[in-house]
Amino acid sequence: IALYDPQRDQRAIPLYGQDPKIGCLWHLAFTLWFCGYPDQALARAGEAVTMARTLNLPFSLAGALTFAATMRQFRGETAAAQQEAHEALTLATEYGFPQWRMIGAIVYGWTCIAQGNEKIGIPYMQSGLTLLHDTGALMSRSYFLAVLAELSWQQGHKEDAWQAITEARAVMEQTGERTA
């Protein structure tokens, strides 16, 4: 971040698809979260969103919004997570960004379920997980499956919860990922 040069680095956006500082900020947000600094993490995620808006970069903005929404999910800030996830999902759908669409759908679904609207939330989460599966991506899949399992359990769907946990464990065995 300290080495960022707007004139030099913004010329690379067409090559890499996103502004490097924005990407660094959202990864820093996760690092800060896992190091135990939730307020600093949220501030960096917000900085990434603001910068992406200022530069008018839809791909970077959709990504920053999904990371910010996930950060809000970690914090239990349902309303803010819903707003950011919905905006990310809208952008991702409009511009055709499947990776941001799947995360946006999962987090948006979580917010719906957390607010008591399981009939809307579960299909969103499942569509995001299906898209994640269909792309072949495994990163964060175990985390999102664990979230689905927790919500399913809370809603009284014990078998669905067990199925999601079983799949999450299989992904963890396959990838070694330990996100949550």
Side-chain angles (χ1 to χ4, degrees), residues 1-115 117 120-121 124-125 127-129 131-132 135 137 139-144 146-148 151 177 179-180:
I1 293 171
L3 298 175
Y4 180 75
D5 178 342
Q7 289 186 312
R8 177 197 66 216
D9 295 337
Q10 287 178 11
R11 287 191 309 259
I13 293 171
L15 180 63
Y16 299 111
Q18 69 179 5
D19 183 272
K21 183 176 180 180
I22 295 169
C24 287
L25 285 168
W26 75 48
H27 284 93
L28 176 58
F30 270 77
T31 301
L32 289 165
W33 174 266
F34 288 118
C35 287
Y37 300 101
D39 294 335
Q40 291 179 39
L42 186 60
R44 294 301 75 75
E47 192 178 332
V49 170
T50 299
M51 186 175 176
R53 283 190 202 288
T54 301
L55 295 175
N56 194 26
L57 299 170
F59 183 82
S60 293
L61 179 56
L65 285 164
T66 61
F67 275 81
T70 303
M71 192 66 49
R72 299 277 190 184
Q73 179 189 27
F74 290 168
R75 295 169 59 96
E77 298 173 359
T78 309
Q82 186 171 49
Q83 180 181 352
E84 290 167 337
H86 186 267
E87 185 179 353
L89 185 55
T90 300
L91 273 170
T93 301
E94 179 182 346
Y95 287 95
F97 306 139
Q99 66 275 39
W100 304 138
R101 196 171 91 220
M102 62 188 164
I103 296 170
I106 292 167
V107 177
Y108 183 76
W110 171 82
T111 66
C112 292
I113 296 166
Q115 294 175 351
N117 199 339
I120 291 175
Y124 267 100
M125 285 195 77
S127 73
L129 285 165
L131 183 58
L132 183 66
T135 63
M139 189 173 79
S140 300
R141 185 169 179 77
S142 60
Y143 168 73
F144 291 127
V147 170
L148 179 61
L151 293 170
E177 180 180 65
T179 303

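What you see is a predicted model; the values in this text were computed from it and never measured.
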Colleague: Between Ile106 and Val147, does a side chain to side chain contact (heavy atoms under 4.5 Å, CB included) hold up when you go through it step by step?
Modeller: CA-CA 9 Å; Ile106 292 167; Val147 170; 5.8 Å; no
Colleague: Drop me the distance from Ile1's CD1 to Ile22's CD1, to the nearest 0.5 angstrom.
Modeller: 11.0 Å
Colleague: Mind checking whether Thr70 and Gln73 have side chains closer than 4.5 Å, heavy atoms only?
Modeller: yes
Colleague: If you take all heavy atoms of Ser142 and Glu177, which pair is closest and at what distance?
Modeller: OG-OE1, 2.8 Å
Colleague: Might you point out which heavy atoms bring Leu131 and Pro98 nearest each other, and give the distance in Å?
Modeller: CD2-O, 3.5 Å
Colleague: Determine the minimum heavy-atom distance between Leu89 and Ala105, stating which atoms define it.
Modeller: CD1-N, 3.9 Å
Colleague: Would you find a donor on one side and an acceptor on the other, under 3.5 Å apart, between the side chain of Ser60 and the backbone of Asp19?
Modeller: yes
Colleague: Tell me if the centroids of the rings in Trp100 and Phe59 come within less than 6.0 Å of each other.
Modeller: yes
Colleague: Can you confirm whether Tyr108 sits close enough to Gln82 that some side-chain heavy atom of one is under 4.5 Å from a side-chain heavy atom of the other?
Modeller: yes
Colleague: Would you check, one step at a time, whether the test side chain to side chain contact (heavy atoms under 4.5 Å, CB included) holds for Thr31 with Tyr37?
Modeller: CA-CA 9 Å; Thr31 301; Tyr37 300 101; over 6 Å; no
Colleague: Please give me the minimum heavy-atom distance between Ala29 and Ala41, naming the atom from each residue.
Modeller: O-CB, 3.1 Å
Colleague: Taking the side chain as C-beta and beyond, is there a heavy-atom pair between Phe30 and Met71 under 4.5 Å?
Modeller: yes
Colleague: Would you check if Trp110 and Leu148 make a side-chain contact, meaning some heavy-atom pair closer than 4.5 Å?
Modeller: no
Colleague: Hey, what do you get for CD1 (Ile113) to CD1 (Ile120), rounding to the nearest 0.5 Å?
Modeller: 10.5 Å
Colleague: Grab the two heavy atoms, one from Thr66 and one from Ala88, that are nearest each other, plus how far apart they are.
Modeller: CG2-CB, 3.5 Å
Colleague: From Met125 CE over to Thr111 OG1, what is the distance, rounded to the nearest 0.5 angstrom?
Modeller: 10.0 Å
Colleague: From Phe97 CZ over to Gln18 CD, what is the distance, rounded to the nearest 0.5 angstrom?
Modeller: 10.5 Å
Colleague: Any heavy-atom pair between the side chains of Val49 and Phe67 that's under 4.5 Å?
Modeller: no
Colleague: Among residues at least two apart in sequence or on other chains, which ones pass salt bridge (charged side-chain N to carboxylate O under 4.0 Å, His left out) with Glu77?
Modeller: Arg72, Arg75
Colleague: Holding to salt bridge (charged side-chain N to carboxylate O under 4.0 Å, His left out), I want the full list of residues that pass it with Arg141, two or more places apart in sequence or in another chain.
Modeller: Glu167
Colleague: Side chain to side chain contact (heavy atoms under 4.5 Å, CB included), that's the test. Do Leu61 and Arg53 meet it? Break it down for me.
Modeller: CA-CA 6 Å; Leu61 179 56; Arg53 283 190 202 288; 3.8 Å; yes
Colleague: Would you please test Leu132 and Leu129 for side chain to side chain contact (heavy atoms under 4.5 Å, CB included) and show each step?
Modeller: CA-CA 5 Å; Leu132 183 66; Leu129 285 165; 4.3 Å; yes
Colleague: To the nearest 0.5 Å, how far apart are OH in Tyr4 and CG in Leu25?
Modeller: 9.5 Å
Colleague: In Å, rounded to the nearest 0.5 Å, how long is the span from CG of Leu65 to CD of Gln83?
Modeller: 9.5 Å
Colleague: What are the two closest non-hydrogen atoms of Gly104 and Ala85, and how far apart are they?
Modeller: O-CB, 3.8 Å
